[in-house]
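Quick notes on the structure that follows.
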There are 2 protein chains.
Amino acid sequence: MNIGEIARRAGVSRSTVSYALSGKRPVSEDTRRRIQQVVDELGYQPSASARALANGRTSTIGLVFPPAGNHYTGMQLDFIGSVVEAAAACDYDVLLSPSGVDSDRSFQRLLGERRVDGAILMEIRLEDDRADHLARLGFPSVAIGRTAHAEDGWFVGLDHTALAAACVHHLADLGHRRIAFVNRPEQLLRSGYESAHRGLDGFTKAAAERGLTVRTYCCGDDPASGQACLERILHDDPATTGLVTLNEAALGGLYRGLAHAGRHVPRDFSVTGVVANRWAETVTPQLTAADVPAAEMGRLAVDLLVERLGRPEAPPRHHLLVPPISLRASTGPAGA
Amino acid sequence: MNIGEIARRAGVSRSTVSYALSGKRPVSEDTRRRIQQVVDELGYQPSASARALANGRTSTIGLVFPPAGNHYTGMQLDFIGSVVEAAAACDYDVLLSPSGVDSDRSFQRLLGERRVDGAILMEIRLEDDRADHLARLGFPSVAIGRTAHAEDGWFVGLDHTALAAACVHHLADLGHRRIAFVNRPEQLLRSGYESAHRGLDGFTKAAAERGLTVRTYCCGDDPASGQACLERILHDDPATTGLVTLNEAALGGLYRGLAHAGRHVPRDFSVTGVVANRWAETVTPQLTAADVPAAEMGRLAVDLLVERLGRPEAPPRHHLLVPPISLRASTGPAGA
DNA sequence: TAGCTTCGCCGAACCGGTTCGACACAGCCG
DNA sequence: CGGCTGTGTCGAACCGGTTCGGCGAAGCTA
């Protein structure tokens, strides 16, 4: 069931079969038909490995994301799904690599063993050794997220600074004066996790601008931590009337904490943040939030990567998205 | 940066380098060290394509799941994560394939082009053309889920019949007499989706056994559908006091519907079902449910597949899991 | 009909590994 | 010293495709 077998049965040479199938050189209509018939009959499909070896392209892209130790979030799922789908549309397969760092064995397999033509990096940090490594190598990659010095790179990102600021302004406009920020876990913040940093930044600056009293918290990626965090918030400043969060996994816990404390949302307390809309719509009342357009970002990342693969010397491009805040039911005027 | 280059620099033949690295034939300690030094110096790693071509193994497994049209659920994410991680531990990469049916292009790529050594199938249907196809071909695969005639196959599954029945018994023990079943979307049920069928089955049989009055519903995989579904339930039979669900994505909507209808959980209404624990713990009150051990199932599937790849003629093995119901806070005595 | 182009196909080399058979050399025995 | 075993290495073939240069036949012009 290899190309030689096809050639033999069709009474032509191997190269002719190759050309007939790829169309890279003209082949007479007659032979082409004969070959095609044999191919159909035997259900022949060329071996991916052989093809990859011969022409140096694997038709596979790598999707690099951190190991599951830290829970996966819904956002990541949407990324993965949309990346796979967009890649399939461009005739690329997707190889998953659970890699934290550039020295990681799994990461080395992707690159060193040349299993993929390009890579998409998730969970970017401001100083990202994987991104730097790939950039040094000139290896085609696109980041989902934006490093500190991203201006000359390929990425699709969310403007977390602007989004967090928008949330603050939204609360301030409603009259809230004392609000809290619920971030991702401290470990992620310390390791330079992009969204955590920029979100915190945008929150802090905007709050200062509006003269608000704020407290900021890190919170584990799970409901129990969310509940505990909310208790801390109300303990530290019982007069707090609103919060902004980036932590979707903790969201349910935050709501539970509010319910336990007897604070009604949105009458007594407003909640908003940056969250995938599947989560925003799951909680009751539904969350007013900047919806993370994860599916769109995945698609854009693939488009960018495919473009880069097609024209290796193309100048870097990127998409920086600033989705609007979707007004739902979790925020209201302060002191209502 | 290929094996020839290494051989040249180390002053040996290509085959010697190959043997030194693979250890498949003895090489003198002296040459081995010299070769290793050159390898380290140049950071050489053999090309995956070339190796795959030569020895017929790609060291990659395919993870086949349906396209994203239908939302991804949290369970799927946990599967994917644990599969990738378990595979990495066995030195396998994971190739994602968004395939619905066996004639699908993406599915054909995996198999026909021999991109993977084996496959793990998600989202199994009772009559599954992909599973049948692979079985006919003798292609090494493991299903996550159990077809109608699974006894002679490789799979890791959840005993949805038993789990749904356990939920019914739990409610019946608490004194509930009129309960509802909230299934996955009708389209999935019609297409023979395994968990939807067996779950419905287990529910119906157990309810009959206990002499309960029941109604069963299909419900879209999103909160809005869940809310609508709950309204229908209370409209059809206002005396309903409990429900069992398999639909995690709708869960938030079900709760919201109950709140809108003024039914307090668990005082006026009990909710239970089969759900990944990340969801069970997110809602308030936390859901008493059979937690889907998605991560464990992913791991087991990889173990099974690796075993099958290692011994092609091994007899089929499987794991059928029946996780216990985790008592949380969403169920209580009827008429309390 | 000689000479030139065009078309269609073939053979060979190559991609980068793995593996098999053979061979040179050393050490041991009789 | 001849023959025998065992160790370490090499060369060549192979995996299954792609691609390049060239060649023979057909068609056209002079």
Side-chain angles (χ1 to χ4, degrees), chain A residues 1-39 42-60 91 93 108-117, chain B residues 1-39 42-60 91 93 108-117:
Chain A
M1 28 48 155
N2 57 25
I3 201 175
E5 180 67 12
I6 304 296
R8 212 177 49 67
R9 299 212 189 196
V12 296
S13 76
R14 299 195 308 148
S15 53
T16 301
V17 174
S18 178
Y19 286 125
L21 293 179
S22 73
K24 295 194 178 173
R25 272 197 195 177
V27 169
S28 80
E29 183 54 24
D30 193 38
T31 14
R32 205 196 56 68
R33 232 192 323 262
R34 204 166 62 250
I35 290 172
Q36 189 60 50
Q37 188 182 332
V38 177
V39 165
L42 271 63
Y44 165 78
Q45 286 184 263
S47 142
S49 307
R51 173 174 284 169
L53 176 58
N55 65 16
R57 299 175 2 108
T58 60
S59 296
T60 303
D91 273 315
D93 281 328
Q108 285 307 315
R109 281 173 67 116
L110 282 201
L111 295 200
E113 303 186 358
R114 281 143 288 168
R115 281 175 194 268
V116 300
D117 296 336
Chain B
M1 16 79 138
N2 56 25
I3 202 175
E5 179 69 11
I6 305 295
R8 213 177 47 68
R9 299 213 189 197
V12 296
S13 76
R14 300 195 305 149
S15 52
T16 302
V17 175
S18 178
Y19 287 125
L21 294 180
S22 71
K24 295 194 179 173
R25 272 198 194 177
V27 168
S28 78
E29 183 54 23
D30 193 38
T31 20
R32 206 197 54 69
R33 233 195 318 265
R34 205 166 62 250
I35 289 171
Q36 190 58 51
Q37 188 180 336
V38 177
V39 165
L42 272 61
Y44 165 77
Q45 286 184 260
S47 144
S49 309
R51 172 173 287 169
L53 176 57
N55 65 16
R57 301 176 359 108
T58 59
S59 295
T60 303
D91 273 314
D93 281 328
Q108 286 306 317
R109 280 173 67 115
L110 282 202
L111 294 200
E113 303 186 359
R114 280 144 289 170
R115 281 173 195 270
V116 301
D117 297 335

### Message
Without decimals, in angstroms, what is the distance between A:Arg32 CZ and C:dC7 C1'?
### Response
17 Å

### Message
I need the CD1-C1' distance between B:Ile35 and D:dC10, as an integer number of Å.
### Response
12 Å

### Query
Distance check: side-chain N/O of B:Ser28 vs OP1/OP2 of D:dT9, anything under 4.0 Å?
yes

### Summary
Given protein heavy atoms under 4.0 Å, the one-letter contact record of nucleotides 12-19 of chain C, with B base, S sugar-phosphate only and - none, is simply -B-BBBBB

### Query
Is any side-chain heavy atom of A:Ser59 closer than 4.5 Å to a side-chain heavy atom of B:Arg109?
yes

### Task
Quick one: pull up CZ in A:Arg115 and CZ in B:Arg115 and give me the separation to the nearest 0.5 Å.
13.0 Å

#### Entry: Atom of B:Ala52, atom of A:Ser49 and distance for their closest heavy-atom approach
CB-OG, 3.5 Å

### Message
Tell me whether the count of non-hydrogen atoms from other residues, nucleotides or ligands lying under 6.0 Å of CD in B:Gln45 goes above 12.
### Response
yes

### Task
Check whether more than 12 heavy atoms from other residues, nucleotides or ligands sit under 6.0 Å from atom CD of A:Glu5, and answer yes or no.
yes

